[in-house]
Amino acid sequence: MLFKRSRSLYKEAQKYIPGGVNSPVRAFKSVGGVPVFIKSAKGAYLTDEDGNTYIDYINSWGPMILGHNHSNVVEAVTEQMQNGFSFGTPTELETEIAKLITSSVPNIDKIRMVNSGTEACMSAIRLARGYTSRNKIIKFEGCYHGHSDSFLIKAGSGVATFGNPNSPGVTDGTAIDTLLAKYNDIDSVKSVFEKNRGEIAAIILEPIAGNMGCIPPKGDFLLKLKQLCEDNQSLLIFDEVMTGFRAEMGGAQEFFDIQADIVTFGKIIGGGMPVGAFAAKKEIMDYLSPDGKVYQAGTLSGNPIAMRAGYTTLSILKNDLNIFHRITQTTKILSEELKAIFEKAGIQLCINQCSSMMSVFFGISEVSNYDDASKADHEMFNKYFHFLLNNGIYLPPSGYETWFISDCIKDIEIEKTLDRSKKFISSI
Ligand SMILES: *Cc1c(COP(=O)(O)O)cnc(C)c1O
């Protein structure tokens with residue numbers, strides 16, 4: 001496969017954009033090599049600037065659950081554009097999407113739209129702090145909640161990829177209020193509560209972790225977190241930016257049958273447009289301005305075109321609830337068969353799969369927290385990544401990332417992926 005145009009576009013981009021990218025993971029720093037510049041996408045496939053096509057296992061990091069360029073979404077957005085791009089006023093569409101989301105997701109009465117998952121999580125902890133009149137939050141090592149200061153305290157994903165646990169520019173004053181615990185380790189959370197009695201506003205976590213690779217919650221971890229929050233009058237925040245409208249229509253709350261106090265969204269709710277949101281029961285949401293005193297705002301929040309893309313995507317999901325089961329099955333088959341292929345060849349690995357999210361960790365038999373994920377053989381993953389890329393399969397460019405399966409991934413794509421994985425084994 002030739003990457004001639006991608007190579008020259010990357011060179012040019014680096015002159016004008018830091019690292020040549022607008023989000024670090026895209027630069028392929030973890031896997032090495034030249035990032036592929038994509039020109040278009042349709043269904044399960046991406047096409048790059050050199051005309052190569054790839055089966056897409058990233059799907060824009062989750063949003064494209066229906067596959068790329070779904071015709072109903074394209075039609076709806078095209079129609080919406082005729083009315084204008086942004087008004088900075090309320091629109092009927094905002095109420096429509098708010099109704100659709102609050103009726104689909106358990107335990108929420110009201111929702112506020114923002115423009116990214118980062119904004120959603122940043123605003124959710126401000127709201128939790130305002131509501132509880134407490135300052136500290138607990139987050140888990142390896143969970144990612146966007147790039148706002150409070151969360152860049154040894155976060156996962158891009159930051160982990162760069163081996164840069166704390167970002168310069170985050171002040172000690174901010175870091176003081178973010179307490180870290182270990183994912184899937186309830187004792188680590190208990191001990192944080194014990195040392196900070198009466199000071200914890202909230203626990204925030206990815207109910208299925210996806211930013212240190214896919215790591216599902218073990219046993220009754222989520223339930224115990226909920227109990228700890230109740231015992232300490234702290235709020236439980238589910239960051240459902242990845243899992244919302246993916247694990248189930250009602251997200252991880254529905255999937256695990258556990259209710260959170262505040263839920264954040266992103267990715268799928270925008271249907272590929274830049275949208276985030278946070279939601280909770282009325283008692284909590286009414287703390288937000290203009291009704292309450294917790295300030296939060298956005299010039300382009302609730303943008304009509306973004307809302308139409310999100311509304312249409314969510315409506316398609318709602319009218320075809322079997323999709324969640326379908327893509328979970330696809331993901332299960334892919335992960336089980338991949339595991340069998342590698343094990344047959346005597347290659348040790350762990351494949352975590354939960355709903356339509358999965359990750360492959362080489363050289364390790366179990367991965368249940370960030371430490372485990374960092375012990376995996378990332379060199380091996382990088383080789384696997386490049387082999388598949390050269391064979392028309394686009395995996396996330398880091399062993400710390402999650403594969404997102406779309407509804408357009410069918411038997412033919414799975415078979416090709418399994419076949420190329422066998423060829424990879426023969427090549428090493
Ligand atoms: C992607 C992601 C975010 C950040 O969303 P952005 O839209 O990139 O700001 C936050 N939390 C989780 C769990 C995510 O996966």
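Indexing begins at 1, ligand by ligand and atom by atom, following the structure's order.
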Any carboxylate oxygen within less than 4.0 angstrom of a Lys/Arg side-chain nitrogen, looking at Lys383 and Glu379?
no
Write out the residue and atom name of the closest protein heavy atom to atom 9 (O) of ligand 1, then the distance separating them to 0.1 Å.
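Nearest neighbour among protein heavy atoms for atom 9 (O) of ligand 1, to 0.1 Å: Thr118 OG1, 2.6 Å.
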Side-chain donor/acceptor of Gln329 to backbone N/O of Arg326, under 3.5 Å:
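No; zero donor-acceptor contacts below 3.5 Å.
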Which of the numbered atoms in ligand 1 are below 4.0 angstrom from a heavy atom of [X]?
X: Gly117; value: 4 (C), 5 (O), 6 (P), 7 (O), 9 (O)
X: Met242; value: 15 (O)
X: Ser116; value: 7 (O), 9 (O)
X: Asp239; value: 10 (C), 11 (N), 12 (C), 13 (C)

When you compare ligand 1 with Glu206, is there at least one nitrogen or oxygen pair between them that comes in under 3.5 angstrom?
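The answer is no, given that Glu206 and ligand 1 share no N or O pair closer than 3.5 Å.
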Less than 3.5 Å between some nitrogen or oxygen of Asn211 and one of ligand 1, yes or no?
yes
The side chain to side chain contact (heavy atoms under 4.5 Å, CB included) partner of Met285 among Ile108, Leu127, Val294 is Leu127
Count the heavy atoms of every other residue, nucleotide or ligand shown that sit under 6.0 Å from NZ of Lys99, and state whether that count exceeds 12.
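Atom NZ in Lys99 is not crowded, with 12 or fewer foreign heavy atoms closer than 6.0 Å.
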Might you confirm whether atom NZ of Lys281 has over 12 heavy atoms from other residues, nucleotides or ligands at distances under 6.0 Å?
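Count over threshold, so yes.
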So is Lys267 in contact with ligand 1, going by heavy-atom distances below 4.0 Å?
yes
Give the single entry among Thr264, Thr243, Val241, Val114 that approaches atom 3 (C) of ligand 1 most closely by any heavy atom.
Val241
Heavy-atom contacts under 4.0 Å between His145 and ligand 1: side chain, backbone, both, or neither?
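The answer is the backbone of His145.
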Drop me the distance from Ile97's CD1 to Ile111's CD1, to the nearest 0.5 angstrom.
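The CD1 atom of Ile111 is 7.5 Å from CD1 of Ile97, to the nearest 0.5 Å.
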Any side-chain donor-acceptor pair under 3.5 Å between Tyr45 and Glu413?
yes
